[in-house]
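Residues take their numbers from the sequence shown, with the count starting at 1. Each ligand, and each atom within it, is numbered from 1 in the order the structure gives. When reading the values below, keep in mind they use all heavy atoms of this one structure, side chains included, and skip hydrogens, waters and symmetry mates. This is a predicted model, so every value here is computed, not measured.
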Amino acid sequence: MTNPSTGHAASNTIDTASRPPLTIRLCGPRGFCAGVDRAIQIVVLALKKYGAPIYVRHEIVHNRYVVRGLQERGAVFVEELDEIPAEHQNQPVIFSAHGVPKSVPADARDRNLFFLDATCPLVSKVHKQAMRHRKLGRHVILIGHAGHPEVVGTMGQLLAGDVSLIETEEEAETYHPDDPDNLGFVTQTTLSVEDTAGIIKALRRRFPALSAPAAESICYATTNRQEAVKAAAPGCDLFLVVGAPNSSNSKRLVEVASRAGAREALLVQRKSEIPWEQIDIERLHILGLSAGASAPEIIVDEIIEAFGERFSVTVELAETAVESENFPVMRDLRDVALTASDMAFVNGRKPAAVAAGQPAAKKPAMPVSEC
Ligand code: SF4
């Protein structure tokens, strides 16, 4: 068996002849999006430019493997700015890709901290859309999940009384605003496309004057990964999504796989979490595989290799879109060179095109209906 991402042969622990056949439908796009890639690059480049320690407020992206890799290079993760020791106040602090409430940069300025904001540009765009609604006198409805850092950050662009959070269609049905004719909505970037459409439909029916944001809030990466999973999942005996339990977009991919027809869909962070004891080898013929936007490709590789040790694997790329988005880092860091080896801890040792987050299929992309 050959891994289509690495081109490496998987190690054989079982006699080839005794391994049952398995087709892996590998979704494309999967894994890192441009916003996650940029956020990790910012930490890596800041470490190169300013030296350790570099402080990062909250997990830079929701992935423990990535966080650990950056910790090993000298990043220190804190939840609040007051955790940065006085002797390191001159070192930069980086805000995570999820975005922060306005109070956080204000607090950093009060403390004379040098901060680099790694908020994804598409999250910043949602902040601007929410503020625009408010500027036009509308009460803002944010569709999203309570407590998620992106939601905390978006709500924190506005005064508490100017924004209401709606999480479900049921909440949309029972929401009672003070001024029903003066409402505007935005959404979290990583929601389920289908669930969000249901919530918006309910709100529009109840509040016909509801204003939409100027552009779709759910980001291209969320939409593309869900589309690929939706196309690949029908007929899969098992669908694995590589991602963290606190990664919103990864959890949505599991839901999409289940709804689209995978017999079972699970979230796994590493190959060590593959529930081999639950897997009925006799009934596993087609495995769907994708990765959330914060999950490194190197873990997709290790999962494929783990199956290659137990099955005779054929990998088919189920590609529904090709992404070319690339978000440059801020000017402060553009004078530092980023090499492939700087990012090898997440991308593996691959050509530059793959380091940018695109799948490196050894097989040509095939229509999903064929796989
Ligand atoms: S999932 Fe979307 S909004 Fe979030 S970091 Fe990636 S591109 Fe940005």
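Figure legend: Arg206 and Tyr175 shown without cation-pi pairing, the cationic atom not lying both under 6.0 angstrom from the six-membered ring centre and within 45 degrees of its axis.
Remark: side-chain polar atoms of Glu83 are paired, donor with acceptor, to backbone N or O of Glu80 under 3.5 angstrom.
Looking only at heavy atoms of the protein, atom 1 (S) of ligand 1 is closest to Cys219 SG, 3.6 Å. Remark: minimum distance from atom 3 (S) of ligand 1 to any protein heavy atom is reached at Thr189 OG1, 3.3 Å. The single protein non-hydrogen atom nearest to atom 7 (S) of ligand 1 is Cys33 SG, 3.6 Å, given as residue, atom name and distance.
Here Glu273 does not pair with Arg270 in a salt bridge; the nearest charged N to carboxylate O distance is not below 4.0 Å.
Against a heavy-atom cut-off of under 4.0 Å, Cys120 is close to the following atoms of ligand 1: 3 (S), 5 (S), 7 (S), 8 (Fe).
A parallel orientation is assigned to the rings of Phe95 and Phe115, their planes being inclined by less than 30° (bins at 30° and 60°).
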